[in-house]
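Notes follow the structure.
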Amino acid sequence: MSLSVLNGTTGHSESKSVTKDKNMRPATFEYLAPKTLEEALELVGDDSRPLAGGQSLIALMNLRFATPEALVDLQGIPDLTRISDDGEFIRIGAMASQADTETNSIVLNSVPLVAECIREIGHWQIRTRGTVGGNLAHSDPASELPAVMVTLGAHYHLASKRGERKIPAVEFHQGAYDTALDPDEILTHIAVPKQKPTERSALNESVRAAGAYAIAGTTSILERNNETCLRAKLVLFATGSKPYEVQGLNSVLVGKELNSGSFSEASELVASQAPHFDDFHATAEQRKQIFRALSERVLQETWQKFQVGSS
Ligand SMILES: Cc1cc2nc3c(=O)[nH]c(=O)nc-3n(C[C@H](O)[C@H](O)[C@H](O)COP(=O)(O)OP(=O)(O)OC[C@H]3O[C@@H](n4cnc5c(N)ncnc54)[C@H](O)[C@@H]3O)c2cc1C
């Protein structure tokens with residue numbers, strides 16, 4: 001492989017042309033390293049892709065499922081890694097690594113489900129390279145983080161040369177590996193509502209081996225006033241093409257004092273809505289049983305966090 005350093009497109013960026021070599025697996029591409037978001041927005045478009053940690057994109061390029069003409073590396077833009085508390089929301093920069101995010105004290109204290117979820121992603125080594133924004137933009141249907149963002153009602157902030165916009169997580173994830181991002185847009189940060197003192201949340205998943213993608217997964221949030229449930233939300237992942245919010249849960253849980261009977265009733269509702277398809281991981285019937293068990297467990301775990309005073 002030979003690298004020739006070219007002049008940056010904007011005068012500030014570093015640009016390397018990666019030339020064709022018989023030993024190299026990806027198709028030829030140009031490597032661009034902008035230093036600011038404005039520079040990066042000049043570079044992304046139909047033929048170029050943002051590069052975060054490369055944990056998915058480089059693998060796809062090696063297989064030639066993705067053949068961008070240029071990669072716009074976002075790692076040189078420090079603003080995109082910031083994690084901050086603005087009072088109402090925790091703002092997580094798209095380029096914050098998963099490892100930094102799961103150990104960040106603001107995240108641990110104010111949006112604990114995000115930290116709990118990231119601990120389930122692959123292994124520590126992967127999480128040191130993988131980013132929060134890259135995971136969401138990749139939108140793998142088996143990923144934990146998109147489901148958590150839907151559960152928590154997060155908004156994603158997108159930027160392009162045309163301006164900025166924000167979009168709810170539930171609208172961003174449109175299908176398997178399909179999002180509302182336009183080719184000229186960059187996900188800059190995610191605004192996650194802070195967990196209220198009256199709320200608790202949890203995640204539960206079924207995996208074939210530690211660190212593997214989930215076969216089935218659930219995340220939940222419950223809000224209560226004394227012993228009465230005020231709000232309940234349950235989202236399934238690894239279930240179809242995108243996170244799925246269970247319908248009709250409020251009528252089973254809200255306004256009631258929750259106990260094992262209510263969680264069992266809710267899990268029947270989940271089983272009736274869970275996907276029924278066979279694949280090499282599980283039959284349709286096994287999958288239904290897994291979702292039934294996971295949802296009962298995740299609701300119980302969420303409720304127990306109130307009892308033990310844990311977040
Ligand atoms: C062995 C292994 C196991 C894994 N296990 C899990 C798991 O259990 N659960 C899970 O959820 N994930 C898992 N992952 C995925 C991993 O954790 C990363 O989250 C994911 O691969 C994204 O990586 P990245 O941040 O490096 O993004 P990249 O690979 O660099 O980018 C991914 C995609 O997002 C786009 N993109 C990146 N950043 C932006 C941005 N700011 N704006 C717009 N578009 C952007 C890129 O153009 C590309 O299309 C695993 C990965 C590996 C290699």
Side-chain angles (χ1 to χ4, degrees), residues 26 29 31-34 37 40-41 43-63 65-77 79-82 92-102 114 116-150 156-160 164-167 172-173 176-190 203 205-217 219 237-238 242-243 281:
F29 63 92
Y31 172 82
L32 304 165
L37 178 61
L41 293 175
L43 299 170
V44 291
D46 285 334
D47 302 321
S48 57
R49 296 271 286 270
L51 173 68
Q55 294 294 288
S56 292
L57 183 52
I58 298 299
L60 289 173
M61 289 172 64
N62 284 341
L63 293 165
F65 290 146
T67 54
E69 288 179 9
L71 290 185
V72 180
D73 190 349
L74 305 180
Q75 288 193 70
I77 307 174
D79 282 355
L80 294 182
T81 60
R82 191 172 303 137
I92 303 175
M95 285 298 290
S97 79
Q98 294 158 7
D100 285 347
T101 306
E102 74 178 270
V114 173
E116 184 179 335
C117 153
I118 291 177
R119 286 195 288 271
E120 303 298 331
I121 297 178
H123 303 280
W124 175 256
Q125 290 86 343
I126 288 157
R127 304 198 297 270
T128 60
R129 294 290 303 170
T131 63
V132 171
N135 186 287
L136 298 173
H138 189 55
S139 202
D140 189 313
S143 275
E144 295 86 354
L145 209 43
V148 161
M149 294 304 176
V150 170
Y156 300 172
H157 289 250
L158 315 180
S160 71
E164 295 177 9
R165 64 180 176 127
K166 71 172 184 177
I167 180 166
F172 180 87
H173 299 285
Y177 313 104
D178 185 18
T179 71
L181 270 169
D182 286 329
D184 65 342
E185 284 183 313
I186 289 176
L187 171 60
T188 57
H189 73 272
I190 300 97
L203 177 145
E205 66 180 18
S206 172
V207 292
R208 294 186 77 86
Y213 275 101
I215 298 171
T219 68
F237 59 95
K242 58 182 180 176
H281 290 307

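We number each residue from 1, following the sequence as shown. Just so you know, ligand 1 is whichever comes first in the structure, and atom 1 is the first atom listed for that ligand. Excluded from the calculations below are hydrogen atoms, water molecules and symmetry mates; all remaining heavy atoms, backbone and side chain alike, are included. The shown structure was predicted, so the numbers you read here are calculated from the model rather than taken from an experiment.
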Measure the acute angle between the ring planes of H157 and H189, then classify it against the limits of 30° and 60° as parallel, tilted or perpendicular.
->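 Ring orientation of H157 relative to H189: parallel.
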
Output yes when a side-chain donor or acceptor of E164 lies under 3.5 Å from a complementary backbone atom of L158, and no otherwise.
->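 Checked: no pair found.
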
Let me check something: any side-chain donor-acceptor pairs from residues 47-56 under 3.5 Å, sequence neighbours excluded? List them with distances.
from : atom 1 : to   : atom 2 : distance (Å)
S48  : OG     : L43  : O      : 2.7
S48  : OG     : G45  : N      : 3.0
S56  : OG     : H138 : NE2    : 3.4

Using side-chain contact (heavy atoms from CB on, under 4.5 Å) as the criterion, list what pairs up with E102, not counting sequence neighbours.
-> I118, R119, W124, R127

With E116, which residues qualify under salt bridge (Lys or Arg N to Asp or Glu O under 4.0 Å), at least two apart?
->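 Salt bridge (Lys or Arg N to Asp or Glu O under 4.0 Å) check on E116 returns K305.
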
Return the protein residues near ligand 1 (heavy atom under 4.0 Å from any of its atoms), ordered by chain and residue number.
->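 If the criterion is a heavy atom under 4.0 Å, then ligand 1 touches R49, P50, L51, A52, G53, G54, Q55, S56, L57, L74, A94, Q98, E120, I121, G122, I126, G130, T131, G134, N135, A137, H138, S143, E144, L181, I186, L187, G211, A212, Y213.
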
Is the closest side-chain heavy-atom distance between Y213 and V207 below 4.5 Å?
-> no

